[in-house]
Each structure stands twice: as C-alpha cells, then as structure tokens.
Amino acid sequence: MSNSLKINEMFETIQGEGSFTGVPAIFIRLQGCPVGCPWCDTKHTWEVDPEREHAAQQVLSKSEPDDSWFSDNAEGLLQLFVSQGYKARHVVITGGEPAMYDLRLLTSVLIDAGYSVQIETSGTFEILVHDKTWVTLSPKVNMQGGYEILDQALARADEIKHPVAMAKHIDELDTLLAREATNPGAQVFLQPISQQKRATDLAVATCIERNWRLSLQTHKYIGIE
Ligand SMILES: C[S@@+](CC[C@H](N)C(=O)[O-])C[C@H]1O[C@@H](n2cnc3c(N)ncnc32)[C@H](O)[C@@H]1O
Ligand SMILES: Nc1nc2[nH]cc(C(=O)O)c2c(=O)[nH]1
Ligand code: SF4
Ligand SMILES: [Mg+2]
C-alpha cells in the first residue's frame, strides 16, 4: 500500500458544498488530476511537477493557490493537524483527483483517530478508502477509467453532486443515474458551475422539478477558502 501523498494545500474551513455544507472541516487537497474539466476551479492541482516539491511549512503558508506541494504520509498529516491547531472533527480529502492515491491507510488512520472522513472524487479511478468514508461523487463523463471504474464509483457513492451549466449536463446525469450499478440510496445534488446565473437558474428549476438537492459553492459567496 503506497504511503506517500502529495499535498497541494491543507486548511481548516467550512465545507461549502453538498450534504455536509456548513460543517467545519479540515481540507486535504492532493496534487494531480488527468481529467481536464474545462471549467475546473483547481487547475493548479493538475500537474505534479517534481521541481515544485517544497517543505510542508512553506506549502502550508501559501497565501494564493499555486502548484507547489509537499510529501507526507498519514501519521505525518495527523501530527500536522495537531501542530496547526485544527479543531474540526470532519476531514475532506479532495484535489486534484484524490482517488489517484490509495487512501486506505489515510482514511483508516483518520477514522481511528475519531474523525469523520469524506472524499470528493470524479469516479475516474478506483476508490480505495475505509468503508466508513463518505464518498461524494462528481462524475466526469469523459471517463478516463472506463465504465468499470465509473460503475464502482456510482455504486459506492453516498452523494452524487453533478456540476451543471447546460441542459445536456442534466441529460448526462440522467444517463448515469439510470445505470444498473448506481446506488439507489445516493443523495443527488446539482451544483451550478462557477456561480453563473444561467447555471444557477437551471439547477434551481431542475432540483424543484426532479426533487433533487441544490449544492451551491457557499464558500465562494462568502469569500472563504
Ligand atoms: C475541484 S474538484 C476535486 C475533486 C475531484 N477531482 C472531483 O472532480 O470531484 C471538487 C469539486 O468541485 C467541483 N467543481 C470544480 N470546478 C467547479 C466549478 N467551476 N463550478 C462548480 N463546481 C466545480 C467538482 O465537480 C467537484 O465536485
Ligand atoms: N469551503 C470549501 N468547500 C469545498 N467543498 C469541496 C471543495 C473542493 O474543492 O473539493 C471545497 C473547497 O475548496 N472549499
Ligand atoms: S476531475 Fe475534479 S480536479 Fe480534475 S479537472 Fe475535473 S473538477 Fe478539476
Ligand atoms: Mg473547491
């Protein structure tokens, strides 16, 4: 089991999206994503440039998002939680694409230490996490991993949070929800892309019509991380 994680940022904030909206959380943002969503709000996490590896304290003190990262393992991160003085009891592992990493050790160490753990993932890599991890799936339709990987993610998802800007995105979600593998108990959210008014109007109207939930990126409305 690979133990080494590449961390783009780690910070304490309020979960802004999905079913845990409003919950204080420690975010671990892992470096690397090959999916290439054109509207992605974390493009600085896509490349893993070996020359951008820096000491943990330097990466943790960045004031603007950038592509620098540090390397650590599960126990090291837990120690950093203490030295950073974090108080939250919920941890969100995001990226980049966190499922590029084998997260069984990290999620187990965190759960054993008493944290609730959530992962934000695109369903393009096999999800390797502790069973008690809450999986928020934001499925990406140019599936790098193919249908086998996607179906595993749809079956494992506790929450499906679909970014929308156009009617075709609703059609894509319908296709995903209709797959036999999809967890019928998963909560379904529409998340407007980049706070656009048209996207938000579409998400609101469709949520009312379909009895789905609305996920706004609330942290962006109030200017927190
Ligand atoms: C940056 S991604 C990282 C985790 C993972 N790669 C994924 O896509 O789920 C975290 C969440 O932000 C969403 N997201 C990214 N850019 C967005 C944007 N411009 N507007 C709305 N949601 C966005 C993604 O769909 C996902 O739900
Ligand atoms: N506050 C806050 N909530 C979030 N929920 C998901 C995020 C992400 O980037 O994965 C995110 C984020 O970047 N900030
Ligand atoms: S999968 Fe996630 S991190 Fe990767 S490009 Fe898409 S939104 Fe961004
Ligand atoms: Mg974000």
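Numbering of ligands and ligand atoms starts at 1, following listing order. Heavy-atom basis, side chains included; hydrogens, waters and symmetry copies ignored.
- Close to ligand 2: T13, with a non-hydrogen atom less than 4.0 angstrom away.
- The ligand atoms of ligand 3 that sit less than 4.0 angstrom from a heavy atom of S122 are 1 (S).
- Listed by atom number, the atoms of ligand 3 under 4.0 Å from G96 heavy atoms are 3 (S).
- Under 4.0 Å from ligand 3, not a single heavy atom of K43 appears.
- Under a 4.0 Å N-O distance rule, the pair R210/D174 qualifies as a salt bridge.
- Near F27, the atoms of ligand 2 lying under 4.0 angstrom from a non-hydrogen atom of the residue are 2 (C), 3 (N), 4 (C), 5 (N), 6 (C), 7 (C), 11 (C), 12 (C).
- Between W134 and F20, the ring planes lie perpendicular to each other; the angle is over 60°, past the 30° to 60° tilted range.
- Less than 4.0 angstrom separates some heavy atom of R29 from each of these atoms of ligand 2: 8 (C), 9 (O), 12 (C), 13 (O).
- Ring geometry for F11 against F27 counts as parallel: the plane angle stays under 30°, on a 0 to 90° scale with 60° as the upper cut.
- Atoms of ligand 3 found under 4.0 Å from any heavy atom of C40 (numbered from 1 in listed order, with element): 3 (S), 5 (S), 7 (S), 8 (Fe).
- For the residue pair H130/S108, the side-chain donor-acceptor check at 3.5 Å is not satisfied.
- Near W46, meaning under 4.0 Å from one of its heavy atoms, ligand 3 places the atoms 5 (S), 8 (Fe).
- Looking at F11 next to ligand 2, no N or O pair under 3.5 Å apart turns up.
- Checked by atom type, the side-chain pair E17/Q217 shows a donor-acceptor distance below 3.5 Å.
- Atom NE2 of H54 sits about 5.5 Å away from atom OG of S68, to the nearest 0.5 Å.
- Interface of E17 with ligand 2, defined as ligand atoms under 4.0 Å from a residue heavy atom, comprises 4 (C), 5 (N), 6 (C), 7 (C), 11 (C).
- Within the 4.0 Å heavy-atom criterion, both parts of C37, backbone and side chain, lie near ligand 3.
- The side-chain heavy atoms of S71 and E53, taken from C-beta on, include a pair separated by under 4.5 Å.
- Here the options are D72, I7, I28, the test is side-chain contact (heavy atoms from CB on, under 4.5 Å), and the partner is L80; only D72 passes.
- Near G36, meaning under 4.0 Å from one of its heavy atoms, ligand 3 places the atoms 5 (S).
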